[in-house]
Amino acid sequence: MLNKKLFSNLKYYLIASAVLLITGIIVILSAGMNLSIQLGGGYQIDIKLNNTLTAENAINGASDVLNKNHLIVEESFTQDKKIDNYASIRTNAKDFNDTIKNEIADKLGIDKSAVTVSKIGATESTSYIMYAVLGIIITAVFAFLLGLIRYSALTGISLAFITIHTTLISTSIMIFTRVLFTTSSIISITALSLVALIISIVILENNKSQLNVITLEKGKTFSDSLILSVNKNIKMTIIISSCILLFAFIMLFAGNIASIMFSLAIIISLISALYSSLVVGMSIEAKLHEGRAYRQKKKLSKNKSN
């Protein structure tokens, strides 16, 4: 079981979060985001097939070369062009030089003219990302208003922070671990931000119902009530997290790159959601309310002395 010492290390949690965010920013400035073809475009490699070169061998051989050059193979398929058959591979590479093209030809034992490379644009516009960002902002505003109406302005701040913090930490971890950003990844980050919000609300509802009772006990504080609520809901949190992880691991072994990246995004977002809600968010909630209680007590003591 957790104890209220969990809430006493808020500054270290915030420092850790700041380090993650700064690292993400540094990686973006130096290497950019690892965007999928959907979001950032890339290159398509077409390999002309012949009687001795099958589509499977062409795709496997070309994939080996791309992997050796640290390039991600997102899609592979076969297509007909007039009288010729081609095996095609798509990668999200931002640059593609002739050296790699020649390596593919040498690996497959075919003429270099049988390998053609063409640049392809993003299939999703930048507005997709903008809509996702807008969705998170709207969710954060909703979280604040919900907290304001149901609990207090301080709790509204905590809930809004949890929503934004989950999104930023998930995104930062994906950036510096170079996990591929796909449309599915963005959906998973948004969805797990909502999960973090729901977990927090359940804890706060429990805390609201018992707060008046526990604060009547001598020496008890807001943190005592809050950590009790966290512990009461820890089993529910574990069950929900386990179900999400099970789904993620099933997707992880689905075999294709899109499923693997979606799975990794879910795992990263879930870790961020639990960290944001149970650790950072609840620590901020405890700090804000106990700070207000201290100020009120100090003010009351000052009024009595006057």
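These values consider heavy atoms only, across backbone and side chains, with no hydrogens, waters or symmetry-generated copies. Please read these numbers as outputs of a predicted model, since none were measured by experiment.
At most 12 heavy atoms of other shown residues, nucleotides or ligands fall within 6.0 angstrom of atom CG in Asp95. Heavy-atom contacts from other residues, nucleotides or ligands closer than 6.0 Å to CZ of Phe142 number 12 or fewer.
You'll find the side chain of Leu159 stays beyond 4.5 Å of the side chain of Phe144, heavy atoms only. Counting only heavy atoms from C-beta outward, the side chains of Leu53 and Asn50 approach each other to under 4.5 Å. Residues Ile189 and Phe181 form a side-chain contact, since some pair of their non-hydrogen atoms from C-beta on lies under 4.5 Å apart. Looking only at side-chain heavy atoms (C-beta outward), Leu226 and Ile203 come within less than 4.5 Å of each other. In this structure, Phe249 and Ser263 have side chains that are not in contact, with every pair of non-hydrogen atoms separated by 4.5 Å or more. Considering only heavy atoms from C-beta on, Ile110 stays 4.5 Å or farther from Lys48 through its side chain. Contact annotation: the side chain of Tyr151 approaches that of Ile201 to within less than 4.5 Å [non-hydrogen atoms, C-beta and beyond]. At least one side-chain heavy atom of Ile47 sits under 4.5 Å from a side-chain heavy atom of Leu108.
Linking Ile, Leu, Val, Met, Phe, Trp and Tyr whenever their side-chain heavy atoms come within less than 4.5 Å leaves Phe77 and Ile59 in two separate clusters. No continuous path of hydrophobic side-chain contacts links Leu134 to Ile187 [ILVMFWY only; heavy atoms under 4.5 Å]. No single ILVMFWY cluster, assembled from side-chain heavy atoms under 4.5 Å apart, contains both Leu274 and Leu194. Under the 4.5 Å side-chain heavy-atom criterion for grouping Ile, Leu, Val, Met, Phe, Trp and Tyr, Leu180 is not connected to Leu66 through any hydrophobic cluster. By the criterion of side-chain heavy atoms lying less than 4.5 angstrom apart, applied directly or through intervening Ile, Leu, Val, Met, Phe, Trp or Tyr residues, Ile157 is grouped together with Leu168 in one hydrophobic cluster.
To the nearest 0.5 Å, atoms CE (Met174) and CG (Leu264) are separated by 8.0 Å. Atom CG of Asn233 is separated from atom CD1 of Ile240 by 9.0 Å, given to the nearest 0.5 angstrom. Here Ile100 contributes atom CD1 and Asn102 contributes atom CG; the two are 10.0 Å apart, rounded to the nearest 0.5 Å. Interatomic distance, OG1 of Thr183 versus CG of Leu35, reported as 11.5 Å (0.5 Å rounding). Separation of atoms OG (Ser188) and CE (Met261) is listed at 12.5 Å; rounding is to 0.5 Å. Between atom CD1 of residue Ile244 and atom CG of residue Leu192 there is a gap of 5.5 Å, rounded to the nearest 0.5 Å.
Although no hydrogens or angles enter the test, the distance criterion places no donor-acceptor pair under 3.5 Å between the side chain of His165 and the main chain of Phe161. Here the side chain of Glu290 pairs a donor or acceptor atom with the backbone of Ser223 at under 3.5 angstrom. Under a 3.5 Å cut-off, the side chain of Asn69 and the backbone N or O of Leu71 do not form any donor-acceptor pair. Listed for the Asp98 side chain is no donor-acceptor partner under 3.5 Å among the backbone atoms of Lys101. Although no hydrogens or angles enter the test, the distance criterion places a donor-acceptor pair under 3.5 Å between the side chain of Thr167 and the main chain of Thr163. Distance alone, capped at 3.5 Å, places no donor-acceptor pair between the Ser241 side chain and the Ile238 backbone. For Lys94 (side chain) and Asn92 (main-chain N/O), a donor-acceptor pair under 3.5 Å exists by modelled atom type. Not one N or O on the side chain of Tyr86 forms a donor-acceptor pair closer than 3.5 Å with the backbone of Val115.
Contact detail for Ala196 and Ser277: the closest heavy-atom pair is O-CB, 3.6 Å. Nearest approach of Leu10 to Val280, heavy atoms of both residues: CD1-O, 4.1 Å. The two residues Leu6 and Tyr13 come nearest to each other via the heavy atoms O-OH, 2.6 Å. Between Ile104 and Ala62 the shortest heavy-atom distance is CG2-CB, 3.9 Å. The heavy-atom pair separating Arg178 from Met33 by the smallest distance is NH2-C, 4.1 Å. Taking both residues in full, the closest heavy atoms of Ala93 and Tyr43 are given as O-CD1, 3.2 Å, listed atom of the first, atom of the second, then distance.
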Show the numbers, then the answer: is there a side-chain contact (heavy atoms from CB on, under 4.5 Å) between Leu204 and Glu285? CA-CA 10 Å; Leu204 292 171; Glu285 176 75 354; 3.6 Å; yes
side-chain contact (heavy atoms from CB on, under 4.5 Å) between Met282 and Val230, worked out: CA-CA 9 Å; Met282 292 302 106; Val230 170; 4.2 Å; yes
Applying side-chain contact (heavy atoms from CB on, under 4.5 Å) to Thr78 and Asn85, what does each step give before you reach the verdict? CA-CA 7 Å; Thr78 58; Asn85 294 325; over 6 Å; no
Stepwise, does the side-chain contact (heavy atoms from CB on, under 4.5 Å) test hold for Ile173 with Ser272? CA-CA 9 Å; Ile173 294 175; Ser272 301; 3.8 Å; yes
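A donor atom on one side chain and an acceptor atom on the other are not found under 3.5 Å apart for Asn207 and Glu205. No side-chain donor from either of Thr91 and Glu74 sits under 3.5 Å from a side-chain acceptor of the other. Between Ser63 and Asn60, the side chains place no donor N or O within less than 3.5 Å of an acceptor N or O (distance only, hydrogens not considered). Under the 3.5 Å distance criterion, with hydrogens and angles disregarded, a donor-acceptor pair is assigned to the side chains of Thr182 and Ser185. For the residue pair Ser193/Thr166, the side-chain donor-acceptor check at 3.5 Å is not satisfied. Using modelled atom types, one finds a donor on one side chain and an acceptor on the other under 3.5 Å when comparing Asp46 with Gln79.
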Could you pull out every donor-acceptor pair under 3.5 Å between side chains of residues 19-30 and any protein atom, sequence neighbours left out?
{"from": "Thr23", "atom 1": "OG1", "to": "Val19", "atom 2": "O", "distance (Å)": "2.7"}
{"from": "Ser30", "atom 1": "OG", "to": "Ile26", "atom 2": "O", "distance (Å)": "2.9"}
{"from": "Ser30", "atom 1": "OG", "to": "Val27", "atom 2": "O", "distance (Å)": "3.3"}

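The residues Asp106 and Lys112 are annotated as salt-bridged, a charged nitrogen and a carboxylate oxygen being separated by less than 4.0 angstrom.
Using a 30° and 60° split on the angle between ring planes, Phe247 and Phe262 fall in the perpendicular class, above 60°.
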